[in-house]
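Please read the structure below before turning to the comments.
Order of the sequence lines fixes the chain letters, A, B, ..., with proteins taken first and strands second; residue numbering starts at 1 for each chain. In what follows, every heavy atom counts, from backbone to side chain, and hydrogens, waters and symmetry copies are set aside. In this text, all values refer to a predicted model and were calculated from it rather than measured experimentally.
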Amino acid sequence: MPEGHTVHRLARTLTELFSGERVRVSSPQGRFAAGAAVLDGAMLVTAEAWGKQLFVGFTAGDPLGSESRWLRVHLGLYGAWTFAGDGSADVVHAIGAPRRRIGERDSSPPASDGPSSGPWVPAAPRGAVRLRLLAAHAVADLTGPTACEVLTPQEKAAVEARLGPDPIRPDGGRRSQDAARDAFVSRVRRSRVTVGQQLMDQAVIAGVGNIYRAEALFRARVDPLRPGREVPADALAGTWDDLVVLMRDGATTGRIVTTRPEHRGGGAPTHGEGRRRTRQNTDGDPAAVPADEAFYVYHRDGSPCRVCGAPVLLEGLAGRNLFWCGTCQV
DNA sequence: GCTGCATGATGAG
DNA sequence: TCATCCTGCAGCA
C-alpha cells in the first residue's frame, strides 16, 4: 500500500508529466464521470502531496470558472496509478498498491523507429479505471482509490487543516522543522492512546502507514503498546527525525528499506565497501537490498529479530496487524 | 475458477 | 469494535 512516500513520488511524477499541459480528463469506468467533466480540458498546474493525500491543481479560467480547482485522490489500500507515454518523458511506470509495476511499459510502442512513426496513441484503459488524465505525450490511469473528488481551494485547505505534520514535506508542512517535530511530540504525549495507534493517526503525523509505524518504533526501541503519554519526549523526537530520513529516502527511491547494513545479509557477512554504508535506502540502487532484508519487523512475525534473535511478534491492534520485537522494544 | 488478503479510512453501533 | 468500500493478485482447488 501506498504510504506517504509513494504519494509524494506520485505527485512528482504527475507534475513532471503534466504540469503546464491542458489535459483531457475522463472516467472510463464511469464512477467519476461528473468530476471528470468539470476538469476536462483544464490546465494542470502542479501536483502535491500531504501525507497520503494527493492534490492535483488545475488553473482557473477556460473550462473552469473564476476559481481554480484541486483534484483530491486518496489511494486507500488498493488504489494505484499507471503511467504510460511516448517516451519523451522519462517516466513510464506504475506506482501504488497492491504491487508496484515499475518499469512496465504496457502501452508504449517501442520508440525505436523514431519520430516518424506517427503520433503516439495511448493504450485503452485496463481494468476499472476511475480516472484517466491524458495529454499529448503521456497518460495516467487511476484505479481503486478510496477518494477521488474535485475541491475548491477552500475545501483543500480544510482537508489539510485536519492533517498532522508530514515528515516528507519541507519543514514538515509547519513553520519550521522544529515546530513540526514539537507538534508531533506534544500531540502523542497528550494522549494515553498507544503510541502504535497514534502513529497511524493521520492527524498526529501524516503519511505514516503500517510499515513505517512498525519499523520506526523498532528503530527507536519503543514498545508500540505503550501509552503515548508514557513515551519519553526525546524518544519521540528521535522517531520524528528518523522518519524524516526514512520517508524522504522512500520517496526518492520508491522503496522502503529500514534495515541498517550491519543487520542484513543473514548469511554472508558484509565486508569491504558495503561495511561503511550508513544510509538505509539504497545508496542509489534499490535492488542492492534484497526484499527479504529490507525490514526489521514488518511481516516478519515468527522470524528471529535481526538484533536479538527473539521471535518477532504479531498482534491485531485497531484492526491492523502490528509487528514488533517484545525484547528490543520496551 | 474461487478465496482471502493488502502499505486505509470511515461510519454505525 | 465492526462492517464496509475500492481493486488486483497470490495462493489454492
**Asked** Looking across every strand, which nucleic acid part, if any, lies under 4.0 Å from Arg213(A) by heavy atom: base, sugar-phosphate, or nothing?
**Response** nothing
**Hydrophobic cluster identity match, Trp240(A) and Leu246(A), side-chain contacts under 4.5 Å** = yes
Side-chain atoms of residues 179-188 of chain A: list all donor-acceptor pairs with protein atoms under 3.5 Å, sequence neighbours left out, distances to 0.1 Å.
unit_1: Arg181(A); atom_1: NE; unit_2: Asp241(A); atom_2: OD1; d: 2.9
unit_1: Arg181(A); atom_1: NH1; unit_2: Asp178(A); atom_2: OD1; d: 2.7
unit_1: Arg181(A); atom_1: NH2; unit_2: Asp241(A); atom_2: OD1; d: 3.1
unit_1: Ser186(A); atom_1: OG; unit_2: Asp182(A); atom_2: O; d: 2.9
unit_1: Ser186(A); atom_1: OG; unit_2: Ala183(A); atom_2: O; d: 3.4

**Message:** Could you tell me how far apart Ile256(A) (CD1) and dA6(B) (P) are, to the nearest whole angstrom?
**Reply:** 15 Å
**Prompt:** Side-chain heavy atoms under 4.5 angstrom apart, residues restricted to Ile, Leu, Val, Met, Phe, Trp, Tyr: same cluster for Val193(A) and Tyr212(A)?
**Reply:** no
**Complete:** Joining Ile, Leu, Val, Met, Phe, Trp and Tyr whenever any side-chain heavy atoms lie under 4.5 Å apart, the cluster holding Val129(A) also takes in none
What side-chain donor-acceptor pairs closer than 3.5 Å can you find for residues 42-50 of chain A, not counting sequence neighbours?
unit_1: Glu48(A); atom_1: OE2; unit_2: Lys156(A); atom_2: NZ; d: 2.9
unit_1: Trp50(A); atom_1: NE1; unit_2: Gly164(A); atom_2: O; d: 2.9

**Prompt:** In whole angstrom, what separates Phe323(A)'s CZ from dA6(B)'s P?
**Reply:** 7 Å
Polar atoms only, N or O, under 3.5 Å: list the protein pairs with nucleotides 9-13 of chain B and their distances.
unit_1: dA9(B); atom_1: OP1; unit_2: His74(A); atom_2: NE2; d: 3.4
unit_1: dA9(B); atom_1: OP2; unit_2: Lys52(A); atom_2: NZ; d: 3.3

**Message:** Once pairs are restricted to Watson-Crick or G-U wobble with both distances under 3.5 Å, how does DNA chain B read as a dot-bracket string, [ ] for crossings and | for other-strand pairs?
**Reply:** ||||||.|||||.
**Asked** Would His8(A) and Asp166(A) count as having a side-chain donor-acceptor pair, cut-off 3.5 Å?
**Response** yes
**Request:** Between dC6(C) and dG1(B), how far apart are the C1' atoms? Round to whole Å, please.
**Result:** 22 Å
**Message:** Can you see whether Thr13(A) engages Glu16(A) through a side-chain donor-acceptor pair at a distance of less than 3.5 angstrom?
**Reply:** no
**Request:** Starting from P on dT7(C), measure out to CZ on Arg126(A) and report it in whole angstrom.
**Result:** 16 Å
**Message:** So Glu215(A), base contact, sugar-phosphate only, or nothing? Heavy-atom distance under 4.0 Å.
**Reply:** nothing
**Item:** His299(A) NE2 to dA10(C) P, straight-line distance once rounded to whole Å
**Value:** 14 Å
Return a table of donor-acceptor pairs under 3.5 angstrom between the side chains of residues 64-73 of chain A and protein atoms on other chains or two or more places apart.
unit_1: Arg72(A); atom_1: NE; unit_2: Glu149(A); atom_2: OE2; d: 2.8
unit_1: Arg72(A); atom_1: NH1; unit_2: Gln53(A); atom_2: OE1; d: 2.8
unit_1: Arg72(A); atom_1: NH2; unit_2: Glu149(A); atom_2: OE2; d: 3.0

**Request:** Tell me whether the OP1 or OP2 atom of dC6(C) has a side-chain N or O from Arg31(A) closer than 4.0 Å.
**Result:** yes
**Asked** Between Tyr298(A) (OH) and dC5(B) (C1'), how many Å, whole number?
**Response** 10 Å
**Request:** Using the P atom on both, measure dA9(B) against dC9(C) and round to a whole Å.
**Result:** 22 Å
**Spacing of Asp141(A) atom CG relative to dT7(C) atom C1', expressed in whole Å** = 14 Å
**Asked** Separation of Trp81(A) atom CH2 from dT7(C) atom P, in whole Å?
**Response** 14 Å
**Donor-acceptor pair between Arg130(A) and Gln29(A) side chains, under 3.5 angstrom** = yes
**Separation between the P atoms of dT10(B) and dG8(C), rounded to whole Å** = 22 Å
**Request:** Look at Gln29(A) and dC6(C) and indicate whether a side-chain polar atom (N or O) is within less than 4.0 Å of OP1 or OP2.
**Result:** no
**Request:** Please answer: with hydrophobic residues joined when any side-chain heavy atoms are less than 4.5 Å apart, are Leu243(A) and Leu322(A) in the same cluster?
**Result:** no
**Request:** Take atom CG of Leu322(A) and atom P of dA6(B), then tell me their distance rounded to the nearest Å.
**Result:** 14 Å
